[in-house]
**Q** 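Just dropping this structure here.
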Protein chains: 4
Amino acid sequence: MLKKVPTTVKDEQLIKMRRNQMVKGAVNLFKQKGFHKTTTREIAKASGFSIGTLYEYIRTKEDVLFLVCDYIYEHVKERMESAIDTNKRSIASLYDAVTSYLQLMDDMQDEVIVMYQEVKSLPKEAQEYVLQKEKDMVLMLEKVIQNSLPYEIPAQDVKLVANNIFVQGQMWGFRRWILQKDFSIQQYIERQLHFLFQSLNIEQEQAVQQDIQ
Amino acid sequence: MLKKVPTTVKDEQLIKMRRNQMVKGAVNLFKQKGFHKTTTREIAKASGFSIGTLYEYIRTKEDVLFLVCDYIYEHVKERMESAIDTNKRSIASLYDAVTSYLQLMDDMQDEVIVMYQEVKSLPKEAQEYVLQKEKDMVLMLEKVIQNSLPYEIPAQDVKLVANNIFVQGQMWGFRRWILQKDFSIQQYIERQLHFLFQSLNIEQEQAVQQDIQ
Amino acid sequence: MLKKVPTTVKDEQLIKMRRNQMVKGAVNLFKQKGFHKTTTREIAKASGFSIGTLYEYIRTKEDVLFLVCDYIYEHVKERMESAIDTNKRSIASLYDAVTSYLQLMDDMQDEVIVMYQEVKSLPKEAQEYVLQKEKDMVLMLEKVIQNSLPYEIPAQDVKLVANNIFVQGQMWGFRRWILQKDFSIQQYIERQLHFLFQSLNIEQEQAVQQDIQ
Amino acid sequence: MLKKVPTTVKDEQLIKMRRNQMVKGAVNLFKQKGFHKTTTREIAKASGFSIGTLYEYIRTKEDVLFLVCDYIYEHVKERMESAIDTNKRSIASLYDAVTSYLQLMDDMQDEVIVMYQEVKSLPKEAQEYVLQKEKDMVLMLEKVIQNSLPYEIPAQDVKLVANNIFVQGQMWGFRRWILQKDFSIQQYIERQLHFLFQSLNIEQEQAVQQDIQ
DNA sequence: TATGAATGAGCCTTCATTCAT
DNA sequence: CATGAATGAAGGCTCATTCAT
């Protein structure tokens, strides 16, 4: 499962730092012009070092994209994990999970858009690696759903609902020009929660109250 | 709203034919390798004519992408319009609309994926043109929802639900590797409808029965 | 045995012409600066067309080198074949063969030097292809030797003598700075023939006289 | 005639050691991939120190090649000188010289090949320096020939024969794939001596017997 | 109209060399 | 003295686009 991008440089500390610079710079560029229209020189410049130095930390341009995707997912996953307790057995935990997730998708709009528009440019192997991370995230949502509901529902339905939530998170960024004209993120979260709970036959008040306690 | 791609050729009939060949060939290529990794030569070859001829019918490579997007949307819209009556005032019409839409998204998976992964490669102007068509489609869904519901709901909620449905259609193609392992398209439609109606506080049986009548 | 360099261009006539231009230009450059220090842009310019056009007729820079080697050997072989009758059974034919061969090596000094200094830069497969052609040439010499001698000599010795002659031809170009100070090509040929015949226990006069008849 | 490669380091002892390491490593690499395809980093690694250290002992990459060539010739010359007495006035000394020389060329095949394929990559000045050493060697052979022969022969012929022998030595390495299939080095030496003596009108037995005495 | 050879800007990548630590 | 991270000039190659036939 480990997928390492080879380096010429040996100092692990330095690698981490430089790659952080890279990801930062690259995300910005990819956001604006997409992966293909972004030059390696531009990436280097945006990262604050020369083209030569860039290539001390990666092998190919695609490595940059991979690093970006990896970074984003790692970040997202981390935040999700610290925000969500997949084992708590109450509606409130679903409420919290969805709230945190959508909030996160708001915070990381740009990154997420970049990722979803460019994964297909990754080499097959890297694509699968990223896909796996995505699956992991959906799985987290599935677990929360399963554990929160006061009744049993078919595994298939759990999957569907989890995927729906997941995609609604992405949609907030992707369809920003349409949605963010009419909704603030708070409103968006509130209404999505409303329909979610409604569709699951749950009184939303329960969730909120449990949460407050 | 008109967005014309200029040509050297005069014969309108011929233009139509040639461009159809182009779109056919290009969609296939874009599907496999994406817009950027597809060369104009490949497009010409897949279209059945020479690179020189290709450039008699377009101005730039991006024109091909635009033509593809345009074609897809035209197709989708056409089928949606013939399948949906936005004015019928019953739950059944929402049921029908969602069913038709999801079915359509199943039929046109590849095309839709191509479109959504590559629009950002379009020049700004063209992007907006395509975006508008998308908006039109969501609007259709909004209308159906508004007219079908036996009660009033806030415009915002209508928008949200329409967008959710819209995205669930795209997700069927985008997340095929995950979803189509567990669902047939019929099952997918059925369960999505189930949760949709549940979230709208509507007995699904009503819809089905109305439909049969 | 066929080893074809792929092209984008279809017109066989044109390919031949352009490649001739290429080989001409490239040999000159390789002669001066060696393969590695010669730029593809320089090759293009020396060939009289643009870098883009160059790459319509080859796939990689190494292809140019291969084309050069191929051209040289084809040329050499052709001239050797037209000058030598491997079946004539007299000393004179050996005399003629060596004379023609050394004369040829004088004419094609530059080309031969280029070839021998750069074959190792060819990809393995191409290297073997060229090596084979070289073997063919040595084989020609072997045949002539075998058929000309009035007595039997061991196959091994035939090989050795053929190789010696072959290398003496190359040496005339390679060691030009040393040899061509002291010898004209006629003198060189005359003395090498002298020692060759001496080493084979043959009166040189026989050969010359037979030849005159 | 002195050609010094400048250094940052002062300690002569150290310089010698480090450069020995360098030559050792470099020869191996050049043998496998040629001078141009070998990187300075690879040379440094093969030498057992860092790229920074490498550049403490040389000024440019070409210096490494020069050092290699220099080393090889020094080695070859040394062995030749210890094996050959250019003043002994008997056929046996020619016999010995050729034998030693060809044996040496067998021992140092790789090095010799490297040298001859890469000298042209040396800067002009260095090329001449190496060429001179080569001339010295041929001169040694010339002297031996002159002194061994029981009769006078023209200076030109001496040169030619010396050059022939010299090139036959190189050919053993260069044409190894062809020759070493049919000959052991002993056989090769024996047959070349045979033809050499024959061409010089000398009974080989004389040489051998003289040698034994 | 159709063709396909020609063009060259521009991209990714390498690698010899330097220099601060 | 030794190290190795940083640099950027330069090279190989691609591909959208043009234009003469």
Side-chain angles (χ1 to χ4, degrees), chain A residues 7-11 14-15 17-18 36-44 48-64, chain B residues 7-11 14-15 18 36-45 48-64, chain C residues 7-11 14-15 17-18 36-44 48-64, chain D residues 7-11 14-15 18 36-45 48-64:
Chain A
T7 323
T8 316
V9 178
K10 293 171 180 179
D11 185 337
L14 198 55
I15 295 177
M17 196 184 108
R18 290 275 179 265
H36 283 104
K37 291 197 178 164
T38 300
T39 313
T40 50
R41 272 170 178 80
E42 287 172 325
I43 296 173
F49 35 71
S50 71
I51 182 67
T53 302
L54 179 71
Y55 273 88
E56 295 280 318
Y57 295 91
I58 54 163
R59 271 254 210 282
T60 69
K61 191 186 169 191
E62 281 167 346
D63 281 347
V64 181
Chain B
T7 323
T8 319
V9 181
K10 308 285 166 191
D11 186 338
L14 197 53
I15 295 178
R18 289 275 124 105
H36 282 104
K37 290 198 178 164
T38 301
T39 66
T40 50
R41 276 164 159 93
E42 286 171 326
I43 296 172
K45 187 180 224 176
F49 37 73
S50 72
I51 182 68
T53 303
L54 180 71
Y55 272 86
E56 297 288 324
Y57 295 92
I58 53 162
R59 207 51 89 194
T60 71
K61 189 187 171 190
E62 280 165 346
D63 281 347
V64 181
Chain C
T7 325
T8 315
V9 178
K10 293 171 180 177
D11 184 337
L14 197 55
I15 295 177
M17 197 185 106
R18 291 274 179 266
H36 282 104
K37 291 199 178 163
T38 301
T39 314
T40 51
R41 275 167 178 85
E42 288 172 325
I43 296 173
F49 35 70
S50 71
I51 180 69
T53 301
L54 179 70
Y55 274 89
E56 295 280 319
Y57 295 91
I58 53 162
R59 271 255 210 282
T60 68
K61 190 186 170 191
E62 281 167 346
D63 281 347
V64 181
Chain D
T7 323
T8 318
V9 181
K10 307 285 165 187
D11 186 339
L14 196 55
I15 296 178
R18 289 275 125 104
H36 282 103
K37 291 198 177 165
T38 301
T39 65
T40 50
R41 276 163 159 92
E42 287 171 325
I43 296 172
K45 187 179 224 176
F49 37 72
S50 73
I51 182 70
T53 302
L54 180 71
Y55 272 86
E56 297 286 325
Y57 295 90
I58 53 163
R59 205 52 90 195
T60 71
K61 189 187 170 190
E62 281 164 346
D63 282 349
V64 181

**Q** Where each residue is assigned the nucleotide of DNA chain F containing its nearest heavy atom, which of C/I58 and B/R59 is assigned the position nearer the 5′ end?
**A**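 Whichever sits nearer the 5' end wins; that is C/I58.
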**Q** With sequence neighbours excluded, what pairs up with C/T7 under the side chain to side chain donor-acceptor pair (under 3.5 Å) test?
**A** C/R19
**Q** Please work out which residues in residues 48-57 of chain B have a non-hydrogen atom less than 4.0 Å from an atom of DNA chain E and list them by number.
**A**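 Close to the strand are B/F49, B/S50, B/I51, B/G52, B/T53, B/Y57.
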**Q** Give the rounded distance in Å between these two atoms: CD of B/E62 and P of F/dC15.
**A** 16 Å
**Q** Just the rounded figure in Å: distance from C1' of F/dA2 to CG of D/D11.
**A**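 Taking atom C1' of F/dA2 as the reference, CG of D/D11 is at 14 Å.
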**Q** Shortest non-hydrogen contact from C/L54 to C/T40?
**A**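 Closest pair (atom of C/L54, atom of C/T40, distance): CD2-O, 3.5 Å.
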**Q** Would you mind classifying the nucleic acid contact of B/T8 as base, sugar-phosphate or nothing, using non-hydrogen atoms under 4.0 angstrom?
**A**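 No contact.
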**Q** Please list residues of residues 37-45 of chain D whose heavy atoms come under 4.0 Å from any atom in DNA chain F, ordered by number; otherwise none.
**A**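 DNA chain F contact set from residues 37-45 of chain D: D/R41.
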**Q** Just the endpoints, please: which first and last nucleotides of DNA chain E, 5' to 3', lie under 4.0 Å from a heavy atom of chain D?
**A** E/dC15 to E/dT18
**Q** State which residues pass salt bridge (Lys or Arg N to Asp or Glu O under 4.0 Å) with A/R59; sequence neighbours excluded, sorted by chain then number.
**A** none
**Q** Write down the distance between CD1 (D/I15) and C1' (F/dC1), rounded to a whole number of angstrom.
**A** 12 Å
**Q** If a pair means Watson-Crick or G-U wobble with both distances below 3.5 Å, what does DNA chain F look like in dot-bracket form, with | marking bases paired to a different strand?
**A** .||||||||||||||||||||
**Q** If you pin D/K10 and A/K10 to their nearest nucleotides in DNA chain F, which one's is more 5'?
**A** D/K10
**Q** Could you tell me if the side chain of D/L14 sits less than 4.5 Å from the side chain of D/Y57, heavy atoms only?
**A**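 They are in contact (side-chain heavy atoms under 4.5 Å apart), so the answer is yes.
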**Q** When rounded to the nearest 0.5 angstrom, what distance separates CD1 in B/I58 from OG1 in B/T53?
**A** 11.0 Å
**Q** Is the closest basic N to carboxylate O distance between C/K37 and D/E62 below 4.0 Å?
**A**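 Yes, C/K37 and D/E62 are salt-bridged.
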**Q** Look at the side chain of B/K61 and the backbone N and O of B/T38, then say whether any donor-acceptor pair between them is shorter than 3.5 Å.
**A** yes
**Q** Kindly say whether C/E42 contributes a backbone atom to a donor-acceptor pair with the side chain of C/T39 at under 3.5 angstrom?
**A**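 No, the answer is negative, given that no donor and acceptor are paired below the 3.5 Å cut-off.
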**Q** So does A/E56 pair up with D/R41, basic N to acidic O under 4.0 Å?
**A**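 Counted as a salt bridge, because a side-chain N and a carboxylate O are separated by less than 4.0 Å.
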**Q** Should A/Y55 and A/T60 count as side-chain neighbours, where that means a heavy-atom distance under 4.5 Å?
**A**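 Side chain of A/Y55 against side chain of A/T60, heavy atoms only: no contact under 4.5 Å found.
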**Q** Which atom names give the shortest non-hydrogen contact between D/I15 and D/V9, and what distance separates them?
**A** CD1-O, 3.5 Å
